[in-house]
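Convention: sequence-line order gives letters A, B, ...; per-chain numbering from 1.
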Number of protein chains: 2
Amino acid sequence: MKEIFAGGAPPAPAALAAKVRTLAPSMTRSMQRVAEAVAGDPAGTAALTVTGLAELTGTSEATVVRTARLLGYPGYRDLRLALAGLAAQQQSGRAPAVTADIAVDDPIADVVAKLAYDEQQTLADTAAALDTVQLGAAVSALASARRVEVYGVAASGLVAQDLVQKLLRIGQVAHAHSDPHLAVTNAVTLRAKDVAIAITHSGSTGDVIEPLRVAFEHGATTVAITGRPDGLVSQYADHILTTSTARESELRPAAMSSRTSQLLVVDCLFVGVAQRTYETAAPALAASYEALAHRHSPRGGTGR
Amino acid sequence: MKEIFAGGAPPAPAALAAKVRTLAPSMTRSMQRVAEAVAGDPAGTAALTVTGLAELTGTSEATVVRTARLLGYPGYRDLRLALAGLAAQQQSGRAPAVTADIAVDDPIADVVAKLAYDEQQTLADTAAALDTVQLGAAVSALASARRVEVYGVAASGLVAQDLVQKLLRIGQVAHAHSDPHLAVTNAVTLRAKDVAIAITHSGSTGDVIEPLRVAFEHGATTVAITGRPDGLVSQYADHILTTSTARESELRPAAMSSRTSQLLVVDCLFVGVAQRTYETAAPALAASYEALAHRHSPRGGTGR
DNA sequence: TCACTCCTGAAAGATATTTTCGGCGCGGGT
DNA sequence: ACCCGCGCCGAAAATATCTTTCAGGAGTGA
């Protein structure tokens with residue numbers, strides 16, 4: 001007997017479709033075929049043996065096993081078990097109903113419904129796939145950080161600012177950087193006890209990786225929030241938080257769902273830190289709320 | 001073959017426990033032990049191999065297989081698969097137990113689940129409450145706008161920037177302002193055919209209302225994205241888009257759900273505009289994607 | 001074009017499952 | 001009380017399934 005059960009990484013409950021999407025880009029062609037079959041028909045796949053699935057996808061047993069490994073399972077046997085579970089869930093639960101893409105001539109009401117549904121899906125996927133161990137580690141680092149620097153450009157830059165705004169509210173020293181040069185300049189000044197966070201969906205945004213690398217080499221604790229955990233950015237990250245990737249279409253750029261996903265992660269970080277530092281966080285939150293009250297006109301209902 | 005019971009009956013969906021009880025009397029002692037273990041802890045049993053389950057119940061592999069047969073499965077392998085499904089169902093069944101507020105001592109996994117759930121709820125609420133007529137009107141105004149100015153401070157400022165980033169991608173002329181003075185300065189330059197958008201959750205943020213008022217009085221088309229449609233900001237808005245407000249708690253500031261809600265509205269605006277201006281928007285989107293490609297390191301999907 | 005890297009599948013090797021087969025306990029007959 | 005037969009039970013062989021190894025080959029950059 002080997003591999004009792006628990007350990008560092010739980011295989012994956014039902015966030016399989018999400019995981020497939022997240023990892024698909026880093027897969028080779030044949031592995032993608034396997035992953036596609038698995039994600040497309042969990043129930044059917046669960047009924048197949050390695051050999052059967054290999055034949056179905058026109059690949060070999062080895063490839064199937066490799067795919068299972070990549071998805072986080074010890075082997076095909078375990079993937080199959082998870083698949084059976086997923087199938088059962090789908091069976092009992094309401095039909096997941098694949099949402100149609102947004103078309104150019106969709107009425108506005110459909111657009112609202114589809115976007116809302118997609119973002120909900122993204123949230124569910126992200127939550128399911130989020131590694132709570134990594135998250136916990138990142139929270140610990142932040143809670144005891146002397147100073148926090150967050151790097152992100154474009155859409156991820158806004159997420160970085162969002163995190164910083166939140167951290168500032170609970171009395172943490174935090175800054176966001178979207179200027180690559182200034183970011184590197186800033187990273188050089190970091191030491192142990194400081195935390196650097198890089199946010200990049202692609203995992204390969206040079207402008208963000210560079211400052212993280214510098215911070216890493218200067219001994220700071222580094223965290224990466226990325227949709228591609230196999231990306232270059234992970235090389236310099238002590239803790240990796242994976243965001244999920246949703247399908248995108250012409251009218252629905254990837255930035256949309258990655259942002260939703262990143263914000264959820266950021267919120268989790270924030271709440272985690274607020275919990276750990278409750279003694280100081282709670283009064284700080286109250287104080288910042290109080291300080292802003294007078295900037296709102298008296299009118300407009302106070303109630304609630 | 002004897003085939004006493006199985007016959008044409010399907011393996012068994014989830015009524016496994018019932019089946020065990022029904023068949024128990026007709027079982028021999030050791031088989032009962034196996035059946036009991038299976039019914040008692042489906043999840044745990046699903047993790048075991050034949051040998052493991054045999055050892056656990058103090059019986060032999062043969063007995064385990066015989067039990068599986070009696071329960072209607074072709075063999076142990078299939079029983080195990082069904083067991084995994086059952087476990088997954090049970091798991092998901094007790095999921096909705098996380099609707100409570102986030103507490104200081106919640107484990108990190110609960111925090112993730114609760115935040116994700118809350119944000120999903122916020123999205124659903126917002127989508128349901130969004131006035132598509134107002135939204136359509138706002139989209140029309142944006143689609144034919146010569147220039148778009150967006151005002152927002154703090155968290156809403158980030159949403160403003162998000163909208164602007166998106167509009168820029170489809171070739172619209174857009175700017176975000178979070179500096180109240182500059183915002184007003186900017187607002188006085190607006191004319192008809194220009195669009196001004198104010199984003200404020202409270203609906204009473206003076207720093208944002210003021211520029212909107214100025215824009216309104218200069219003849220620009222004005223849009224308010226607010227959680228309080230009865231707030232002061234609405235007085236100067238041609239179109240009002242209402243975001244939903246979720247309950248908040250000490251550890252979960254209102255900014256969190258209002259941001260989610262605002263972003264959904266902003267996404268809807270963006271997609272709506274992109275639809276209306278598809279001829280120019282599509283190439284622009286493609287071009288901006290292309291232009292950024294080289295900023296990502298080539299490496300990404302290699303090994304590991 | 002050549003060298004190189006990494007993907008890929010065939011087949012060997014390891015595990016898990018199923019089947020076979022003989023032992024043994026238990027009741028009933030003498 | 002003893003013997004006989006019935007059928008449950010588990011050890012081990014046989015088979016199926018999964019995993020690993022290894023070498024050929026496609027694609028890529030120089």
Engineer: In whole Å, I'd like the distance from the CE atom of B:Met31 to the C1' atom of D:dG10.
Structural biologist: 14 Å

Engineer: Bend across the helix from C:dT1-D:dA30 to C:dT30-D:dA1, to 10°, with axes taken over 5 pairs at each end?
Structural biologist: 10°

Engineer: Using the 3.5 Å cut-off, write out each protein N or O paired with an N or O of nucleotides 17-27 of chain C and the distance between them.
Structural biologist:
unit_1	atom_1	unit_2	atom_2	d
C:dT17	OP1	B:Arg80	NH1	3.2
C:dT17	OP2	B:Val50	N	2.6
C:dT18	OP1	B:Tyr76	N	3.3
C:dT18	OP2	B:Tyr76	N	2.8
C:dT19	OP2	B:Arg69	NH1	2.8
C:dT19	OP2	B:Arg69	NH2	2.5

Engineer: Please identify each residue that fulfils side chain to side chain donor-acceptor pair (under 3.5 Å) with A:Asp106, with sequence neighbours left out.
Structural biologist: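 So A:Asp106 forms a side chain to side chain donor-acceptor pair (under 3.5 Å) with A:Lys114.
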
Engineer: The criterion is salt bridge (charged side-chain N to carboxylate O under 4.0 Å, His left out); which residues satisfy it with A:Glu210, sequence neighbours excluded?
Structural biologist: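 Here the qualifying residues are A:Arg213.
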
Engineer: Taking 4.0 Å as the cut-off, does a side-chain nitrogen or oxygen of B:Thr28 come that near to OP1 or OP2 on D:dC9?
Structural biologist: yes

Engineer: From the options A:Asp207, A:Thr243, A:Thr205, select the one residue that forms a side-chain hydrogen bond (donor to acceptor under 3.5 Å, both in side chains) with A:Thr200.
Structural biologist: A:Thr205

Engineer: By side chain to side chain contact (heavy atoms under 4.5 Å, CB included), which residues pair with A:Arg69, not counting sequence neighbours?
Structural biologist: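 Applying side chain to side chain contact (heavy atoms under 4.5 Å, CB included) to A:Arg69 gives A:Val65.
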
Engineer: What residues form a side chain to side chain donor-acceptor pair (under 3.5 Å) with B:Thr57, not counting sequence neighbours?
Structural biologist: B:Thr59

Engineer: Counting only side-chain N and O atoms of B:Thr63, is one of them less than 4.0 Å from OP1 or OP2 of D:dC9?
Structural biologist: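 For D:dC9, OP1/OP2 do not have a side-chain N/O of B:Thr63 under 4.0 Å.
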
Engineer: Any side-chain donor-acceptor pair under 3.5 Å between A:Ser261 and A:Thr126?
Structural biologist: yes

Engineer: Need one value for A:Gly52: base, sugar-phosphate or nothing, where a base atom within 4.0 Å counts as base even if backbone is also close, heavy atoms only.
Structural biologist: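 Since no nucleic acid heavy atom lies under 4.0 Å of A:Gly52, the category is nothing.
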
Engineer: Could you tell me the separation between the CE atom of A:Met27 and the C1' atom of C:dT8, rounded to a whole number of Å?
Structural biologist: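 Atom-to-atom, A:Met27 to C:dT8, this comes out as 16 Å.
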
Engineer: In chain order, what residues pass the side chain to side chain donor-acceptor pair (under 3.5 Å) check against A:Ser156, with sequence neighbours excluded?
Structural biologist: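 By the side chain to side chain donor-acceptor pair (under 3.5 Å) rule, A:Ser156 matches A:Gln262.
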
Engineer: Tell me every residue that passes side chain to side chain contact (heavy atoms under 4.5 Å, CB included) with A:Ala196, counting only those two or more places apart in sequence or in another chain.
Structural biologist: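 By the side chain to side chain contact (heavy atoms under 4.5 Å, CB included) rule, A:Ala196 matches A:Tyr151, A:Leu190, A:Leu212, A:Ala215, A:Thr222.
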
Engineer: A:Leu81 has an atom CG; how far is it from atom C1' of C:dA16, in whole Å?
Structural biologist: 13 Å

Engineer: How long is the line joining CD of A:Gln32 and C1' of C:dT8, in whole Å?
Structural biologist: 15 Å

Engineer: Considering residues at least two apart in sequence or located in another chain, which fulfil the side chain to side chain donor-acceptor pair (under 3.5 Å) criterion with A:Ser140?
Structural biologist: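 Per chain and number, A:Ser140 pairs via side chain to side chain donor-acceptor pair (under 3.5 Å) with A:Arg276.
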
Engineer: Please determine whether a side-chain nitrogen or oxygen atom of B:Ser60 lies at a distance below 4.0 Å from atom OP1 or OP2 of D:dC9.
Structural biologist: no

Engineer: Using whole Å, report how far CG of B:Leu53 lies from C1' of C:dT15.
Structural biologist: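 Rounded to whole Å, this separation is 17 Å.
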
Engineer: From CD of B:Glu55 over to C1' of D:dA11, roughly how many Å is that when rounded to an integer?
Structural biologist: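 The answer, rounded to whole Å, is 13 Å.
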
